[in-house]
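Because only heavy atoms are used, hydrogens play no part in the values below, and waters and symmetry mates are left out as well, while side chains stay in. Convention: sequence-line order gives letters A, B, ...; per-chain numbering from 1.
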Number of protein chains: 2
Amino acid sequence: MVTQSEENYLKAIYHLGKQGSISVSTNAIAEKMTTKASSVTDMLKKLAEKELVDYKKYQGVSLTKEGKIIAANVVRKHRLWEVFLVEKLNFSWNEVHDIAEQLEHIKSQKLINELDAFLGLPTHDPHGDPIPDREGNLQKSQKIFLSQVNPSVNCSCVGVKDSSDNFLKYLDKNSIAIGTAIQVLTKEAFDESMTIKINNSELTISKEIASNMYVKIN
Amino acid sequence: MVTQSEENYLKAIYHLGKQGSISVSTNAIAEKMTTKASSVTDMLKKLAEKELVDYKKYQGVSLTKEGKIIAANVVRKHRLWEVFLVEKLNFSWNEVHDIAEQLEHIKSQKLINELDAFLGLPTHDPHGDPIPDREGNLQKSQKIFLSQVNPSVNCSCVGVKDSSDNFLKYLDKNSIAIGTAIQVLTKEAFDESMTIKINNSELTISKEIASNMYVKIN
DNA sequence: ATATTTTTTTAGACAAGTCTAAAACATATT
DNA sequence: AATATGTTTTAGACTTGTCTAAAAAAATAT
Ligand SMILES: [Mn+2]
Ligand SMILES: [Mn+2]
Ligand SMILES: [Mn+2]
Ligand SMILES: [Mn+2]
């Protein structure tokens with residue numbers, strides 16, 4: 001049996017180490033999980049004991065095959081539940097993460113398979129991140145920077161890179177939120193600034209802005 | 001914050017004590033939760049400290065107003081999730097309880113309200129047990145014994161009182177399972193035996209049988 | 001009214017998960 | 001190569017929830 005806490009650690013290692021293949025540092029895990037490095041060390045020993053991670057003192061840690069499968073499954077559950085909350089229960093993007101953080105630990109293979117089918121076998125979560133399949137395989141992420149979108153293409157906002165107050169206020173002021181439909185009108189060759197259309201009103205944004213917004217092509 | 005374990009204890013007291021009003025014994029809780037009486041005592045002290053139960057040594061325990069609200073809410077979540085699993089995810093009766101046992105602990109008021117609406121504000125779970133409303137108020141149970149059903153009424157099986165192997169085998173042999181539609185044809189005044197129709201075939205059952213099957217009127 | 005049995009509580013222990021403070025190790029700087 | 005800085009581990013402690021064994025209280029039987 002793998003505990004809720006163990007699952008959270010495996011997931012953190014998975015995310016930090018590009019699906020768990022790259023070795024991850026104790027401090028990086030501690031920061032991601034807002035816990036202390038000493039607690040991480042304790043847990044790494046436990047996970048190594050269970051052969052879910054490869055761990056040698058001072059050498060960082062990576063997931064074993066078994067660990068990777070478990071982590072991918074937790075991510076799969078997390079993202080499927082996020083789809084459920086947004087598509088079926090009218091949640092908006094910013095509300096789903098904390099609840100999915102809990103739901104991802106519910107243990108029932110049948111539940112997750114049925115949920116998957118019920119949602120129409122989605123490949124990506126509401127943020128455009130790919131949902132691992134039953135074997136843990138990932139498709140490419142669907143989210144790209146707005147700055148990479150070509151003129152006349154329609155897309156919608158799925159997230160931000162910079163989540164500073166200043167930036168979020170700027171977005172709010174211009175009525176850009178998660179889910180907002182955006183059409184790219186023009187792209188200036190000189191400074192890569194763009195004009196975009198939102199709710200039928202035009203807006204000019206700098207490259208700075210465009211390269212801090214994640215969008216998904218519609 | 002009330003922990004998962006505390007919620008499980010509150011729920012047990014709620015169920016054992018007719019919505020928590022009646023005083024419940026330590027041993028009864030221990031048996032229901034398949035744990036030891038000493039563990040129960042430990043937990044009762046903790047819950048009393050938090051003013052969720054009224055507890056005096058050797059005197060049994062009952063829920064406070066606050067404890068009752070929490071317990072009813074856990075039951076509400078449990079039963080709503082059971083409806084979800086059966087109605088939306090094609091689970092059958094016997095598969096849902098263990099999963100609901102986990103899902104009932106997910107913390108989000110909005111989640112449960114949205115789920116409730118999504119399911120069409122159900123008043124009863126798949127076993128015919130009532131779902132407490134937001135204030136914790138209960139409707140009457142919809143389940144009655146088959147023996148109480150009058151001739152020519154249509155109902156469906158929602159559970160059993162006696163769950164011994166012998167009885168379950170008997171039901172199986174006669175293709176009676178949870179959800180099976182049953183029409184009462186006749187009721188013998190002398191011994192209260194009945195003839196019932198199941199899947200277009202007739203069956204005669206004793207009062208013994210009929211008073212061990214729970215049904216819900218359609 | 002006493003003795004016996006059952007129930008409940010206490011005492012002491014353990015595992016999981018966390019923390020702080022100190023020690024050990026690794027890396028970067030001079 | 002020696003020192004300083006930063007990272008990681010260890011040591012020891014604490015909380016939560018559980019257990020066994022023994023003591024205390026309550027209920028039942030004689
Ligand atoms: Mn998320
Ligand atoms: Mn989580
Ligand atoms: Mn149930
Ligand atoms: Mn539970």
Side-chain angles (χ1 to χ4, degrees), chain A residues 1-14 16-17 20 22-63 67 70-71 74 98 101-102 104-107, chain B residues 1-14 16-17 20 22-63 67 70-71 74 98 101-102 104-107:
Chain A
M1 234 276 318
V2 42
T3 68
Q4 189 153 326
S5 189
E6 287 168 347
E7 284 188 345
N8 283 332
Y9 275 96
L10 291 173
K11 191 174 59 141
I13 298 167
Y14 179 88
L16 288 168
I22 293 171
S23 175
V24 173
S25 80
T26 301
N27 266 2
I29 299 168
E31 186 177 12
K32 175 142 221 174
M33 303 197 56
T34 50
T35 185
K36 292 297 148 82
S38 54
S39 306
V40 175
T41 302
D42 287 345
M43 182 55 88
L44 294 183
K45 286 178 188 165
K46 222 167 293 171
L47 293 172
E49 185 59 42
K50 292 189 176 186
E51 301 191 59
L52 301 176
V53 300
D54 290 318
Y55 169 62
K56 265 176 279 140
K57 273 194 191 186
Y58 298 104
Q59 299 298 123
V61 72
S62 60
L63 297 177
I70 293 171
V74 173
D98 289 350
E101 203 60 44
Q102 301 176 60
E104 69 189 359
H105 303 292
I106 302 294
K107 276 164 190 63
Chain B
M1 235 277 318
V2 42
T3 69
Q4 189 153 325
S5 189
E6 287 167 348
E7 285 188 345
N8 283 332
Y9 276 95
L10 290 174
K11 191 175 56 141
I13 297 167
Y14 179 89
L16 288 168
I22 293 171
S23 176
V24 174
S25 79
T26 301
N27 266 2
I29 299 169
E31 186 178 9
K32 175 141 220 174
M33 305 198 53
T34 49
T35 184
K36 293 296 148 82
S38 54
S39 306
V40 174
T41 302
D42 287 345
M43 181 56 88
L44 293 184
K45 286 179 188 165
K46 221 168 294 170
L47 293 173
E49 186 59 42
K50 293 189 175 187
E51 303 192 59
L52 301 177
V53 299
D54 289 317
Y55 169 62
K56 266 178 279 139
K57 275 193 190 186
Y58 297 104
Q59 297 298 122
V61 72
S62 60
L63 297 178
I70 294 172
V74 174
D98 289 349
E101 204 59 45
Q102 302 175 59
E104 70 189 0
H105 302 292
I106 302 294
K107 276 163 190 63

Look at the side-chain N and O atoms of B:T3 and state whether any lies under 4.0 Å from the OP1 or OP2 oxygen of D:dT16.
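No.
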Identify the 5'-most and 3'-most nucleotides of DNA chain C with at least one atom closer than 4.0 Å to a non-hydrogen atom of chain B.
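First-to-last contact on DNA chain C, by the 4.0 Å heavy-atom rule, is C:dT7 to C:dT10.
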Who pairs with [X] by side-chain contact (heavy atoms from CB on, under 4.5 Å), at least two apart in sequence or on another chain?
X: A:T41; value: A:T26, A:K45, A:Y55
X: B:D98; value: none
X: A:D54; value: A:S62, A:T64
X: B:S25; value: B:N27, B:A28

Which pairs, protein N/O on one side and nucleotides 22-24 of chain D N/O on the other, fall under 3.5 Å?
none

Trace of the side chain to side chain contact (heavy atoms under 4.5 Å, CB included) decision for A:V40 with A:V61:
CA-CA 11 Å; A:V40 175; A:V61 72; over 6 Å; no
Take the protein atom [atom1] of [X] and the nucleotide atom [atom2] of [N], then report the distance between them rounded to whole Å.
X: B:K56; N: D:dA25; atom1: NZ; atom2: C1'; answer: 16 Å
X: A:E31; N: D:dT8; atom1: CD; atom2: C1'; answer: 15 Å
X: B:I29; N: D:dG17; atom1: CD1; atom2: C1'; answer: 16 Å

So, with a heavy-atom separation below 4.0 Å from DNA chain C, the residues of residues 37-52 of chain B are B:A37, B:S38, B:T41, B:K45
Checking side chain to side chain contact (heavy atoms under 4.5 Å, CB included) for the pair A:I13/A:L44: CA distance, chi angles, key distance, verdict?
CA-CA 10 Å; A:I13 298 167; A:L44 294 183; 4.1 Å; yes
Could you go through residues 4-12 of chain B and list every donor-acceptor pair under 3.5 Å that involves a side-chain atom there, pairing it with any protein atom two or more places apart or in another chain?
{"unit_1": "B:E6", "atom_1": "OE1", "unit_2": "B:T3", "atom_2": "N", "d": "2.8"}
{"unit_1": "B:E6", "atom_1": "OE1", "unit_2": "B:K50", "atom_2": "NZ", "d": "3.1"}
{"unit_1": "B:E6", "atom_1": "OE2", "unit_2": "B:K50", "atom_2": "NZ", "d": "3.0"}
{"unit_1": "B:E7", "atom_1": "OE1", "unit_2": "B:H105", "atom_2": "ND1", "d": "2.7"}
{"unit_1": "B:E7", "atom_1": "OE2", "unit_2": "B:K107", "atom_2": "NZ", "d": "3.3"}
{"unit_1": "B:N8", "atom_1": "OD1", "unit_2": "B:H105", "atom_2": "NE2", "d": "2.9"}
{"unit_1": "B:K11", "atom_1": "NZ", "unit_2": "B:E101", "atom_2": "OE1", "d": "3.3"}
{"unit_1": "B:K11", "atom_1": "NZ", "unit_2": "B:E101", "atom_2": "OE2", "d": "2.7"}
{"unit_1": "B:K11", "atom_1": "NZ", "unit_2": "B:E104", "atom_2": "OE1", "d": "3.0"}
{"unit_1": "B:K11", "atom_1": "NZ", "unit_2": "B:E104", "atom_2": "OE2", "d": "3.1"}

